[in-house]
Trainee: 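I'd like to ask some things about the structure below.
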Protein chains: 2
Amino acid sequence: MELNRTTYVILGMLRLGRHTGYEIKSLVDVSTRFFWAASYGQIYPELARLEELGLIEGEDDASDGRRRRAYSLTGAGEAALTEWLTSDDPLHLELRHEGVLKLFFSDALPPREQLAQLRRLRAEHERIAGQLRAIEPEARAGCERDGVRFPYLTLEWGIAYEDFQVEWCKRTERRLAEEIQTAAERG
Amino acid sequence: MELNRTTYVILGMLRLGRHTGYEIKSLVDVSTRFFWAASYGQIYPELARLEELGLIEGEDDASDGRRRRAYSLTGAGEAALTEWLTSDDPLHLELRHEGVLKLFFSDALPPREQLAQLRRLRAEHERIAGQLRAIEPEARAGCERDGVRFPYLTLEWGIAYEDFQVEWCKRTERRLAEEIQTAAERG
DNA sequence: GGCGTCATGTAATACGTTACATGATTAC
DNA sequence: GTAATCATGTAACGTATTACATGACGCC
């Protein structure tokens, strides 16, 4: 059936309710974006393909003058989603982290710059942690309102992850700063 | 000058010493791969381009019968690398984590399957942590031998990151298991 | 002689983002 | 009336992987 991985964001979002492509993109942007992004350029063609495969069903609606097509899961779509959720195929894990890459090559820098770079890295993770905390109250409310808990759980995961990064940076900053201090006293 | 981000892996690796494209790929595969991958399809064309830009210098060598071209950094290349290392342009941060995506949609599953999925996620991170710990002794030795410490530091980061994931999974598994238990006693 | 490694390179493919075109509605 | 939002769609571009072709060396 040649399902790619963007497929499942769409199927998963549609399982939570009938939605348009535009809505799916908005949902992704406030939820899975931090660990799984998707753009219009992927979503719209994929919706067409999934409908052709019979995994989703679209219905046109222009009742309020806005042309729109909302999709819902078919039985086959629900089955495909569950199949994916319960399969133990190897997970796609990918990390691209320019900050850590810079750190990798930081022997080229003088100690003060090394520290400065670490602080920038920390600031970045603090910023993201802040973003996540800002949406936390709404996510919690949504969780209690809809009886859907796992989206909230993954937000908790995101916050814990960013906090881990921040703490690691702080520890490493302290280590580096101490060494610079010691070197200065000896030198 | 239109430098993309694969550029800097190459410049950085060449700062550590004169290398062929093949060697750069091997180095990436045992070091930055976990937070910054690169393939032959990127490396070889980029080496040609960087030489044309005057950031690196290649020299042919077939002394042992094997045709090969080893590159080293030029002054301009070193400057470009330092410029990147010290700049505070926004960092490229990207995470694609199919396991967390599955978790996000796990309200669709019965509790037993939710737990099973979490265990799979943990197993995956335990596997990677194991891989990283396996290369740790060699990295530590290399660190002490060459006086280059930051590559080792990023390996420590990788291990800490994978350990964080494992611990988060364990905590969450316990929470879920308790709830299932409680529900069973009430039901 | 054959397998693994060293070594270069590219073509085909897949994946993903950005930017734009289009046009309606809603809120100020 | 105009800016923001809702809504669809795609073309161009950039990024990255896979797979293959090619060929030599070193070890068993």
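In the text below, chain A, chain B and the rest are named by the order of the sequence lines, each starting its count at 1.
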Trainee: According to side chain to side chain contact (heavy atoms under 4.5 Å, CB included), who are the partners of A:L27, at least two apart in sequence or on a separate chain?
Mentor: A:M13, A:H19

Trainee: Only pairs under 3.5 Å count here: list side-chain donor-acceptor contacts from residues 142-150 of chain A, not counting sequence neighbours, and write none if there are none.
Mentor:
from, atom 1, to, atom 2, distance (Å)
A:R149, NH1, B:E179, OE1, 2.8
A:R149, NH2, B:E179, OE1, 3.4
A:R149, NH2, B:E179, OE2, 3.1

Trainee: Return the value, rounded to whole Å, for the distance between atom CG of A:D61 and atom P of C:dT25.
Mentor: 13 Å

Trainee: Which listed nucleotide (C:dT17, D:dT17, C:dT8) is nearest to the side chain of B:A37?
Mentor: D:dT17

Trainee: The side chain of A:R67 is closest to which nucleotide in this list: D:dG9, C:dG16, D:dT18?
Mentor: D:dG9

Trainee: Quickly work out the B:R49 CZ to D:dG14 C1' distance and round it to whole Å.
Mentor: 12 Å

Trainee: To the nearest Å, give me how far apart CD (A:E51) and P (D:dT8) are.
Mentor: 12 Å

Trainee: Considering only heavy atoms, which members of residues 17-34 of chain A lie under 4.0 Å from some atom of DNA chain C?
Mentor: none

Trainee: What pairs meet the ring-ring contact (aromatic ring centres under 6.0 Å, His included) rule with one or both residues in residues 100-120 of chain A, with sequence neighbours excluded?
Mentor: none

Trainee: C:dG16 phosphate, OP1 or OP2: any side-chain N/O from A:T6 under 4.0 angstrom?
Mentor: yes

Trainee: Going by heavy atoms in the side chains, are B:E173 and B:L121 under 4.5 Å from each other?
Mentor: no

Trainee: What string of B, S and - do you get for nucleotides 23-28 of chain D, 5' to 3', when a contact is any protein heavy atom under 4.0 Å?
Mentor: -BB---

Trainee: Sequence neighbours left out, what passes side chain to side chain contact (heavy atoms under 4.5 Å, CB included) with A:R174? Give chain and number order.
Mentor: A:K170, A:R171

Trainee: Can you tell me the distance, in whole Å, between the CG atom of A:N4 and the C1' atom of C:dA14?
Mentor: 10 Å

Trainee: With sequence neighbours excluded, what pairs up with A:A160 under the side chain to side chain contact (heavy atoms under 4.5 Å, CB included) test?
Mentor: B:F164, B:W168

Trainee: Hey, does B:F34 have a side-chain heavy atom less than 4.5 Å from the side chain of A:L95?
Mentor: no

Trainee: Within less than 4.0 Å of OP1 or OP2 of D:dA16, is there a side-chain N or O belonging to A:R96?
Mentor: yes

Trainee: What's the CD-C1' distance between B:E94 and D:dT15, to the nearest Å?
Mentor: 10 Å

Trainee: Rounded to whole angstrom units, what separation is found between the CD1 atom of A:I10 and the P atom of D:dT8?
Mentor: 12 Å

Trainee: What is the bend of the helix from C:dG1-D:dC28 to C:dC28-D:dG1 when you compare the axis at one end with the axis at the other, using five pairs each and rounding to 10°?
Mentor: 30°

Trainee: What is the separation between atom CH2 on A:W36 and atom C1' on C:dC15, rounded to the nearest whole Å?
Mentor: 11 Å

Trainee: Which residue pairs pass the ring-ring contact (aromatic ring centres under 6.0 Å, His included) test when at least one of the two sits in residues 40-96 of chain B, sequence neighbours left out?
Mentor: B:Y8-B:W84, B:W36-B:H92, B:Y40-B:Y44

Trainee: Which nucleotide wins on minimum distance to the side chain of A:Y44, given the candidates D:dT10, D:dT15, C:dT8?
Mentor: D:dT10

Trainee: So, is B:Q42 close to the D:dT17 phosphate, meaning a side-chain N or O under 4.0 Å from OP1 or OP2?
Mentor: yes

Trainee: In whole angstroms, how far is the P atom of C:dT17 from the NE2 atom of B:H92?
Mentor: 10 Å

Trainee: Under the rule for salt bridge (charged side-chain N to carboxylate O under 4.0 Å, His left out), what residues qualify as partners of B:R69, not counting sequence neighbours?
Mentor: B:E51, B:D60

Trainee: State which residues pass side chain to side chain contact (heavy atoms under 4.5 Å, CB included) with B:D64; sequence neighbours excluded, sorted by chain then number.
Mentor: B:R66, B:R68

Trainee: So, A:N4 and A:T7: side-chain donor and acceptor under 3.5 Å apart, yes or no?
Mentor: yes

Trainee: List the residues meeting salt bridge (charged side-chain N to carboxylate O under 4.0 Å, His left out) with B:R127, not counting sequence neighbours, and say none if there are none.
Mentor: B:E124

